[in-house]
Structure formats: C-alpha cells, structure tokens
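Notes to accompany the following structure.
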Amino acid sequence: MTPPEYAAKVLTKFQPLLDRTPPRKLFLKDKNIFYIGGDLKFASKTTRDKMDFVRKKGGTVVPVYDPSIVTHIVTDTTPIPTLKALALKSLTEIPDHIPTVLWSWITSGNRGKLEFEWMHAAFSSRIDADSSKRSSKGKEAQFPRQVAGTVSGGVTNSSVIDDDHHPQTPSSSLHPSSAAPPFSSAANPPQRTRHASQQCNGPEGDPLAEYYALAAADQESAESNDSSDGEMPMDEVVKQSRRGFTCDQRNTDNGHCLNQGIIDKLQELMELHKEKLSDHDRWRVFSYSKTIRALRNHPVQIKSYEQARAIKGVGDKTARKIEEIIQTGELRRIDWEKTPDVESIKNFKGIYDVGPHTAYQWYNAGCRTLDDVKARKGGITLTPTQKIGVEYYDDINSRMPRSEAEQIFNKIKPIALEIDPMLFIEIMGSFRRGKADCGDIDILITRPTHDGKTHAGVIRSLLTELHVRQIITEDLATPDNFDGLEATYRGLCRLDFRSRRRRIDILAVPYESRGAALLYYTGDDIFNRAIRYKAGSMGYSLNQRGLFTAVARDPNDRRKKLTKGYVIASETEEEIFKILNVPWQEPHERVRAV
DNA sequence: TGTCAGATCTA
DNA sequence: TAGATC
DNA sequence: GACA
Ligand SMILES: O=c1ccn([C@H]2C[C@H](O)[C@@H](COP(=O)(O)OP(=O)(O)OP(=O)(O)O)O2)c(=O)[nH]1
Ligand SMILES: [Mg+2]
C-alpha cells in the first residue's frame with residue numbers, strides 16, 4: 001500500500017466525523033493537514049491531542065505527505081526534520097499552494113477565524129506560500145479555430161490540433177461566451193447525510209493509530225527500492241517521482257467520487273479522442289484515462305489548477321482543462337473534437353475486425369452508416385471476419401450477464417474433461433475478476449505433465465466437438481497450430497439455439513507458463529500493460545509465457561527482440577508479483593480500466 | 001526526444 | 001508488414 | 001498528453 005493510499009483510506013474513512021460539530025465552528029473544514037510532530041514514527045500524546053483537535057475542527061489529518069492531497073503542512077520544528085518527514089531535500093520543492101505553518105496558526109482559529117497563513121509561517125523562505133493561491137499562471141492567448149470544414153472531406157482526421165498553434169481553448173468568438181453556470185452546482189453537493197459511525201474508533205480512541213505503524217513500515221519498503229524509476233537511490237536524497245506504476249496502486253473503494261464533474265468532462269473528451277486515427281490521439285486517451293483513474297481515487301475535491309497539477313500524471317494541459325471545468329462547468333475542447341466523423345467511425349469500429357484504419361478508409365470512401373457498409377457503398381470490401389462482424393453486430397456489442405458466461409462454460413468444461421480429465425480449464429478475463437457482466441468468455445487450458453502426458457491435440461478435439469454440438473457457431477481466428485501446447489482461438493458461441501451469440505476466446509499454454517498465463521488472461525488490459533511496463537523498467541520482460549531477464553532489444557526498433565532472454569518466473573502469479581515488487585492483488589483488485 | 005506491453009492471427 | 005484483437 |  002502506498003502512502004497516498006493510506007491517506008485516501010483515512011480520509012474517506014473519517015469523512016463522516018465531520019458531521020458532528022456545528023458548521024461555523026469547523027474552521028478547519030476542507031483543510032488537509034500534514035502534521036510534523038517531534039518524532040516521525042511515534043505519535044506522542046501531545047501529537048495525538050493535536051490531531052484530535054484538528055479533526056474536531058473539521059480538518060483532516062493526513063498521515064502521509066502527498067502534495068496532491070495535503071493543503072497545509074503544520075510544523076513546529078526546524079527545516080531539517082521537516083524535510084525528512086516530507087521526504088524532500090529542499091523547501092523549494094513544496095508547492096506554493098501548500099503553506100508551512102506553525103501550530104499557532106491552527107489555534108488562531110479559536111479566536112473565531114483562522115488568521116493569515118503568512119502570520120504563522122514556519123519558515124521565512126516560504127512566507128509567500130498561500131493555500132488560496134489559484135492558477136493565475138500566464139494566461140494563454142485565445143486562438144480562433146481554423147476553418148471548421150477542413151477535415152470533413154479530408155482523409156486523416158487525426159485530431160490535428162497542434163498544441164502550439166491551437167491551444168485547448170477554442171476562441172470564444174465561435175462559441176459565444178454563453179456564461180456557463182458555475183461548475184460548483186454540478187460537482188459540489190457531497191450531501192453529507194450520514195452520521196459518524198461506530199466503526200471509526202481505533203485503539204485508544206485514535207482512529208489513525210493503526211495507520212502510523214503501517215504507513216511507517218510501508219514507507220520503508222516502498223522507498224527503499226521502488227522509486228519507480230528503478231534507479232539507485234544514490235544518497236539519502238529521496239526525490240519524489242511524479243511517475244508511478246499503475247499496477248501498484250489498488251483502486252480505493254470510493255462509493256461516490258468528489259470529482260465526478262471533472263471526470264465526466266474529461267471522459268467525454270477521451271471518448272472523442274478514441275475515435276481518432278493518429279498515434280497522438282491514442283496516447284491522449286492513455287493519458288486521460290490515467291488522469292481519470294487518479295481523480296477517481298482522489299479523496300479530496302479539486303478546486304484549483306495547482307491542486308490538479310499536483311496529481312501524478314496531470315500536466316499543464318490537463319490541469320488547465322480541469323481548471324476550466326471547475327470554473328465554467330464546460331470544456332470547450334470537447335466541442336472542438338466533436339467532428340462529424342466521430343459517430344460514423346464509432347459505428348464502424350463496432351464491427352468486429354474493423355479498427356481505426358479500416359473505419360476511416362470506409363469513411364473516406366463515402367460510407368457514413370452501417371447500411372452504407374452493408375451496401376458496400378464506395379466499393380468497399382469486407383473480410384470474412386468483418387462480414388460475421390456485421391451479421392452479429394448487436395450480439396457482439398452487447399455484454400452478457402455473468403451467469404450466462406458461467407452456464408456456457410459449464411457446458412464446455414465437461415466436454416473438455418471428457419477429452420482429457422487431467423486438463424486444467426478455467427474461465428478467465430472479466431469473469432475471473434468477478435465482474436457482473438462479461439463482454440466475452442475467456443477460457444484458459446493447460447495440463448500438468450507429471451504423468452508424462454500433455455494437452456497436445458486437445459484443442460483440435462475440443463474445437464471440433466464444440467462445433468459439432470453447435471456451441472461454437474462461427475470461427476473468427478483459428479490457432480496457428482491446432483495440435484501444439486500453445487494455441488489461441490477466437491470465435492462465436494451460444495448457450496443454446498435461441499440464445500444470442502457470444503464472443504469466445506480460448507487460450508492454451510504449456511503447464512510451466514500457467515502462472516504467467518493466469519496473470520495475462522485475468523487482466524484487466526490496463527493492469528497488464530502497467531505491470532509489463534514496470535517489468536520493462538526493471539530490466540525484465542513480461543508476457544503470457546513468463547517473466548524474462550536479459551531480453552536484448554534492437555535499439556533502433558525497440559519492439560524487435562534480439563535475445564529471448566531467460567525465464568525467471570512463470571509458474572505462479574505470486575512469484576511474478578513478488579519479483580516485480582507489485583503488491584499482491586486478487587483478481588477483482590486488478591481493475592484499472594476507467 | 002523517446003516512451004508509454006507484448007503477443008497472435010489475417011491479408 | 002500492417003491492422004486488428006486479446 | 002505526461003514525464004524523464
Ligand atoms: O489489450 C489487451 C486486451 C486484453 N488483454 C488481456 C487482459 C484481459 O483481461 C484478457 C481478456 O481480454 P478481454 O478482451 O476478454 O477483456 P476482459 O477483461 O475479459 O473484459 P470483457 O468483459 O470486455 O471481455 O486479455 C491484454 O492483456 N491486452
Ligand atoms: Mg473477456
């Protein structure tokens with residue numbers, strides 16, 4: 001568990017406490033305090049009293065320093081211990097919107113109203129730090145949107161906004177500044193109807209106590225090796241990386257999200273970028289999805305550019321967008337990206353085996369609707385797979401209840417076991433993650449070799465049998481080798497003759513690869529990419545066969561492997577997690593998609 | 001400025 | 001090899 | 001789009 005996660009947990013856990021005291025006395029409401037007492041590892045009596053005080057006044061005590069969460073650092077000690085507590089090497093690394101104040105600032109609230117932060121600045125060098133600081137960054141000029149119609153007849157809609165020339169904010173002249181309603185109305189009301197509950201009391205009445213030990217322990221293990229850069233921590237200096245690995249961070253079980261308004265807008269924009277063709281747009285989607293995930297797990301309402309910017313993965317551009325959403329409730333870039341092709345492209349891509357390239361090809365051939373495609377308008381051609389995709393368009397694009405996936409699997413499994421009772425056959429993907437609905441059925445097959453036999457040949461038998469029984473009805477992609485230990489199959493299947501068609505995938509792997517295969521096939525896809533990325537950053541390579549070391553890559557084309565490397569783990573998921581220093585997560589915890 | 005996962009199947 | 005998909 |  002990472003420090004921010006502790007913070008998040010604590011924050012959500014004690015939110016209900018805020019309800020008790022009359023609002024006007026809660027002068028620390030919305031303040032997230034990181035308090036630095038005398039001793040880091042041990043919360044002394046007075047420290048605990050102070051924390052209690054903070055909470056009583058509506059504040060939140062954050063047990064671990066995370067600049068994206070903390071609003072105030074309260075310290076009565078000198079810079080050195082303070083920096084140590086923050087894991088920073090210089091006071092200048094503290095963002096300007098987080099003031100470092102003395103305890104006296106907190107108590108000043110007792111006189112009716114908190115005094116100015118600068119009056120209680122702990123360090124003169126940071127006297128200018130101010131929590132009320134808002135973006136006030138150099139405002140970007142406004143740009144007129146270019147000829148709107150340029151792309152419509154054009155070929156490659158790649159969301160061609162070169163950011164240097166067309167900033168995210170289209171001119172208001174085109175979108176007559178229709179004074180949008182303040183964002184607050186949309187995102188504000190975290191109706192606190194619940195009351196403080198019993199569960200909040202930990203040992204000794206300090207509900208945070210249990211977290212200190214955990215956090216401290218975790219700090220050590222996390223910071224000692226997992227700097228997310230994979231570089232050696234040279235000195236004592238631990239610099240706060242802005243990069244982290246998505247696979248390391250579980251989702252916080254946020255019932256409701258304080259930043260839903262922001263998320264909705266960014267998501268809408270992301271969905272538009274998904275329909276574009278260029279690599280640039282693909283990476284934007286990658287980036288936005290990261291931001292959205294971060295916002296989902298963020299326990300605090302984002303209220304400023306600075307606050308947004310403090311979140312890992314949120315850079316200048318996105319922070320500006322968030323600021324716009326906060327201030328106006330709108331995001332003009334959405335209208336910019338909402339080009340006429342988006343809808344057609346989205347529909348075309350719904351056809352199985354049609355991706356961005358084919359979709360635009362057809363669009364440029366004059367197709368606009370599915371009927372156009374069916375009519376082969378513009379002389380377009382379809383592959384056999386795509387024809388199946390058109391025929392079962394609706395089936396393929398609907399998800400099935402978990403129970404149906406289970407029923408189908410329960411038909412398939414006995415058939416497989418009849419072929420070879422020693423088979424290991426499991427249902428994977430979203431089903432294994434416990435999802436209530438499944439986009440398809442993913443089946444993993446392998447077989448122990450203790451008795452000197454293998455599952456060679458069973459894929460052929462199984463597929464044949466499933467066809468005969470009309471469980472599998474169409475093939476989409478058949479294995480390279482039907483009789484090997486490795487095979488991937490894709491097709492359509494159905495529970496019975498009156499059921500919808502469902503997508504089915506079968507993966508067979510050698511027994512030694514079962515751990516890596518389980519890991520891969522459980523996903524989700526984002527989690528896989530993240531853990532593989534982490535592996536790569538640590539000098540390993542991870543795929544469905546195993547975790548490899550010493551994989552040499554072509555420096556010119558990094559996708560090309562020069563050496564296969566050596567397997568160092570593949571039989572269990574656990575060993576792979578362990579080596580990669582990824583906290584163990586059950587399948588249902590490996591959800592990263594937004 | 002390069003990287004953001006790594007593999008299989010099809011045409 | 002590129003495109004689509006897992 | 002973000003980050004090293
Ligand atoms: O780009 C991808 C897609 C999928 N997978 C892995 C993870 C995923 O869990 C599994 C099965 O893929 P599928 O497309 O079936 O996803 P799912 O997680 O099962 O979700 P759904 O319910 O949409 O099928 O294959 C990847 O590693 N990368
Ligand atoms: Mg699936």
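The structure displayed is predicted, hence computed values, not measured ones. Just the heavy atoms: all of them, side chains too, but no hydrogens, waters or symmetry mates, feed the values below. Per chain, numbering begins at 1; letters A, B, ... match sequence-line order.
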(message) Taking dA4(D) as the reference, what is the distance to dA5(B) when you measure between their P atoms (whole Å, please)?
(response) 16 Å

(request) Scan R309(A) against the nucleic acid and name what it touches under 4.0 Å (heavy atoms): base, sugar-phosphate only, or nothing. (result) sugar-phosphate

(message) With heavy-atom distances below 4.5 Å as the criterion, would you say the side chains of I263(A) and V594(A) are in contact?
(response) no

(request) Report yes or no: do Y305(A) and D316(A) form a side-chain donor-acceptor pair below 3.5 Å? (result) yes

(request) For T291(A), report the nucleic acid contact type (base, sugar-phosphate, nothing); a contact means any heavy atom under 4.0 Å. (result) nothing

(message) Reading DNA chain C from 5' to 3', where do the contacts with chain A start and stop? Cut-off is 4.0 Å to heavy atoms.
(response) dG3(C) to dC6(C)

(message) Give me each pair satisfying side chain to side chain donor-acceptor pair (under 3.5 Å) with a member in residues 516-526 of chain A, each pair once, sequence neighbours excluded.
(response) R432(A)-T522(A)

(message) Ignoring hydrogens and geometry beyond distance, is a side-chain donor-acceptor pair present between D353(A) and T383(A) at under 3.5 Å?
(response) yes

(request) In sequence, state the C-alpha distance, the side-chain angles, and the governing distance for E474(A) and K387(A), and then conclude on salt bridge (Lys or Arg N to Asp or Glu O under 4.0 Å). (result) CA-CA 11 Å; E474(A) 285 83 19; K387(A) 287 176 184 165; over 6 Å; no

(request) Determine the contact category for L266(A): base if any of its heavy atoms lies under 4.0 Å from a base atom, sugar-phosphate if only primed atoms, P, OP1 or OP2 are that close, otherwise nothing. (result) nothing

(message) Within the 4.0 Å limit for protein heavy atoms, which parts of nucleotides 4-9 of chain B are touched? Write it as a string from 5' to 3', B for base, S for sugar-phosphate only, - for none.
(response) BBBSBS

(request) For dA4(D), take OP1 and OP2 only and decide whether either is under 4.0 Å from a side-chain N or O of R243(A). (result) no

(request) Test salt bridge (Lys or Arg N to Asp or Glu O under 4.0 Å) on K534(A) and D248(A) and set out the steps. (result) CA-CA 9 Å; K534(A) 183 171 189 181; D248(A) 292 338; 2.9 Å; yes

(message) Between P on dT10(B) and CD1 on I388(A), what's the gap in Å once rounded to a whole number?
(response) 12 Å

(message) Side chains of N397(A) and Y352(A) only: does a donor on one sit below 3.5 Å from an acceptor on the other?
(response) no

(request) State, to 0.1 Å, how close E589(A) and W584(A) come at their nearest heavy-atom pair, and which atoms those are. (result) OE1-O, 4.3 Å

(request) Check R503(A), R500(A), R501(A), R494(A) against D395(A) for a side-chain hydrogen bond (donor to acceptor under 3.5 Å, both in side chains) and give me the one that passes. (result) R500(A)

(request) Can you tell me the distance, in whole Å, between the CD1 atom of I292(A) and the P atom of dA2(D)? (result) 13 Å

(request) Could you tell me whether V285(A) contacts a base, only the sugar-phosphate backbone, or nothing, with contacts defined as non-hydrogen atoms closer than 4.0 Å? (result) nothing

